[in-house]
There are 2 protein chains.
Amino acid sequence: MTYTLHRGDALTVLKTLPAESIHAVITDPPYNSGGRTSSDRTSRTARAKYVTSGSAHDLANFPGENRDQRSYRAWLTELLTESYRAAVEHTVAMVFSDWRQEPTTSDALQMAGWTWSGTIPWIKPASRPRKGGFKQAAEFITWGVKGTLDHSRDLYLPGHFIASQPRKDRVHITQKPVEIMQQLVRICPAGGTVLDPFTGSGSTGVAALREGRHFVGVELSDHYAAVAERRLQAELTQDDFVLAGPEE
Amino acid sequence: MTYTLHRGDALTVLKTLPAESIHAVITDPPYNSGGRTSSDRTSRTARAKYVTSGSAHDLANFPGENRDQRSYRAWLTELLTESYRAAVEHTVAMVFSDWRQEPTTSDALQMAGWTWSGTIPWIKPASRPRKGGFKQAAEFITWGVKGTLDHSRDLYLPGHFIASQPRKDRVHITQKPVEIMQQLVRICPAGGTVLDPFTGSGSTGVAALREGRHFVGVELSDHYAAVAERRLQAELTQDDFVLAGPEE
DNA sequence: ACGACCTATGAATCCCTGT
DNA sequence: AACAGGGATTCATAGGTCG
């Protein structure tokens, strides 16, 4: 398996990808949520919003969290349009969002040409309680297809996930559990290429390599690009080790 | 506990409800103005089903179907507006939808004046697998508040539900598990009144009575109004029985 | 190996204060 | 008055420690 990690702006890099080169898009854009008013959204960094005050993480901040609702949708639409262009027929795109951004996400997905085919909840059991109401315990994976699903594949994937965010060895604020990502990348045909325009710490890529898919990623931040590079490289090395050994 | 069951059109009846008479709204509207069965829903063209109101597809090639989606939103907005009028401050409204209608539902909720506060997934584990993709295993409960949540209540409710649809004794196509409804009605202060403008077979009412809340329901169909009446009446009788007996 | 116990934390939310 | 920023609050769960 191989991977390519581009350092730069997602939209700029996507425009350079050749058509028909991608077989699945799996990504987690900056949500741009975190407040009812635009000032709520713009006044804080992602890190301040998403990390408990007073906790002692050593996680770097990440950019891209200062758009208002309309420009967020326009921006996401353009990203998904470029991804669509680079994708082959039957490609599935999966986009993470929180409850606030789910309607915007499904709008953008459809505006970019994808056929919206479902929304998958990811339940996080260890979430904060909320006094006087229902707690917020889920994120959502909005997915769609370029054209139609490939019904010839003998593939049956789950309709929901239940998993906690990684806690130890966590390197990114919004890092996804690799066990979930491994389920998701199976939507890509074996040997195909998975695209993640917001690579972050690279969990999508790690999952893709583990499941025998190639990976193309884009990451803006130097810090996280280096982290992802390290994780992806380690994955390849470990693969070799596993292949060489008799057990596991 | 008491209940009132109106037989008639939801919007017409809602307009007659006095202001400040409702302390929670919990309902499951018909997902399309037309049919309730999945065959009714799937008989529409694929393209039309996947279009979100407010998206760019409003301009696309199916004006008739789009108008249908748009008028659904307008109709739901009016219902939620009348419910809002009848509700006291701090009232919570909860509306069931499937993944296709969730964006429209949250639009309508907000257009009616409610502050959208979250979307709760209800996972149905026993759902049919889908060849070549992810199965559709969830419905969504979109909820909002009139004003702000009452933070003085010592109440912490779950952020997701996992339950299969009732199988035996099922009297309605989209009947909800009473154990879920019992959790939901707890958002209503004890002794308050729960409103369900689409009573169906009356599960919301049954749950309300069991949890010590009053119930006001509306149902258009004679058949289901009779079913609901029977179930609600049985609930009160059983309550009496329970109260009279020494054990549970 | 395993259970009982303990501690830290969460893509949060609300409210108060200072500008 | 509106907005930016900081601090307190809440409990189920994960993960470690200690017998």
Side-chain angles (χ1 to χ4, degrees), chain A residues 27-69 72 76 94-102 104-105 120-142 161-181 198-201 203-204 221 224, chain B residues 89-90 92 115-121 143-145 147-162 183 186-187:
Chain A
T27 197
D28 179 33
Y31 291 174
N32 205 63
S33 307
R36 282 169 313 212
T37 68
S38 74
S39 71
D40 271 353
R41 279 193 297 275
T42 52
S43 66
R44 293 177 183 213
T45 66
R47 175 156 180 203
K49 275 186 296 201
Y50 302 141
V51 172
T52 308
S53 54
S55 73
H57 291 301
D58 190 24
L59 304 178
N61 205 342
F62 66 92
E65 285 260 350
N66 47 9
R67 295 177 173 84
D68 70 18
Q69 192 71 28
Y72 177 79
L76 189 55
M94 323 200 65
V95 185
F96 282 80
S97 72
D98 67 0
W99 61 274
R100 252 183 268 255
Q101 297 295 5
E102 199 280 326
T104 301
T105 304
I120 303 167
W122 163 31
I123 311 288
K124 296 181 286 188
S127 46
R128 270 197 186 78
R130 179 181 199 167
K131 191 171 193 204
F134 299 89
K135 71 177 179 178
Q136 164 46 38
E139 289 192 30
F140 300 95
I141 306 166
T142 306
F161 297 98
I162 299 179
S164 290
Q165 252 210 314
R167 211 178 257 205
K168 51 173 214 164
D169 302 331
R170 194 166 66 142
V171 289
H172 193 283
I173 305 172
T174 69
Q175 192 168 333
K176 304 289 175 283
V178 173
E179 66 260 31
I180 288 185
M181 303 317 286
F198 302 99
T199 296
S201 58
S203 301
T204 304
S221 124
Y224 286 121
Chain B
E89 181 82 4
H90 306 306
V92 167
T115 303
W116 183 25
S117 305
T119 296
I120 303 167
W143 69 282
V145 190
T148 60
L149 275 182
D150 180 358
H151 295 106
S152 67
R153 297 179 66 194
D154 190 27
L155 178 73
Y156 299 90
L157 294 171
H160 73 281
F161 297 99
I162 298 178
Q183 293 276 340
R186 295 181 54 211
I187 199 68

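Values in this document were obtained by computation on a predicted structure and should not be read as measured data.
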Measuring from the side chain of A/P125 (C-beta onward, heavy atoms only), which nucleotide among D/dT10, D/dG16, D/dA14 has the closest atom?
D/dA14
Any B/V92 side-chain heavy atom under 4.5 Å of B/L149 side chain
yes
Separation of B/H160 atom NE2 from D/dT13 atom C1', in whole Å?
12 Å
Across all chains, not counting sequence neighbours, the ring-ring contact (aromatic ring centres under 6.0 Å, His included) partners of A/F96 are none
Length of the CZ-C1' vector between B/R153 and C/dT13, whole Å:
18 Å
Listed partners of A/F198 passing ring-ring contact (aromatic ring centres under 6.0 Å, His included), at least two apart
A/W75
Which residue, A/S127 or A/P166, contacts DNA chain D at a nucleotide closer to its 5' end, judged by nearest heavy atom?
A/S127
Mind calculating the distance between CZ (A/R100) and C1' (C/dA12) to the nearest angstrom?
9 Å
Between A/W99 and A/R167, who's closer to the 5' end of DNA chain C by nearest nucleotide?
A/R167
For B/T119, what residues pass the side-chain hydrogen bond (donor to acceptor under 3.5 Å, both in side chains) criterion, not counting sequence neighbours?
B/E102, B/W116
Counting heavy atoms from C-beta on, name the nucleotide in C/dC14, D/dA12, D/dC11 closest to the side chain of A/R130.
C/dC14
Below the 4.0 Å mark, does C/dC15 have OP1 or OP2 next to a side-chain nitrogen or oxygen of B/H151?
yes
With sequence neighbours excluded, residues passing side chain to side chain contact (heavy atoms under 4.5 Å, CB included) with A/P129:
B/Y156
Checking B/I187 against B/L155 for the side chain to side chain contact (heavy atoms under 4.5 Å, CB included) test, could you report, in this order, the C-alpha distance in whole Å, the side-chain angles of both residues, the deciding distance, and whether it holds?
CA-CA 8 Å; B/I187 199 68; B/L155 178 73; 4.1 Å; yes
Using whole Å, report how far NZ of A/K135 lies from C1' of C/dC14.
18 Å
Would you mind telling me which residue lines up with the more 5' stretch of DNA chain D, B/D154 or A/K168, judged by nearest nucleotide?
B/D154
Quick one: is D/dT13 close enough that its OP1 or OP2 comes under 4.0 Å of any side-chain N or O from A/R128?
no
Whole-Å distance, A/Q136 CD to C/dT9 P, equals 21 Å
Distance check: side-chain N/O of A/S164 vs OP1/OP2 of D/dT13, anything under 4.0 Å?
no
Just the rounded figure in Å: distance from C1' of C/dT9 to NZ of A/K124.
13 Å
Partner residues of A/K124 under the salt bridge (charged side-chain N to carboxylate O under 4.0 Å, His left out) criterion, sequence neighbours left out
A/E139
B/L149 CG - D/dT10 C1' separation (whole Å):
14 Å
Protein-nucleotide distance (A/Y31, atom OH; C/dT13, atom C1'), rounded to Å
18 Å
Output field dot_bracket for DNA chain C (Watson-Crick or G-U, both distances under 3.5 Å, | for other-strand pairs) contains .|||||||||.||||||||
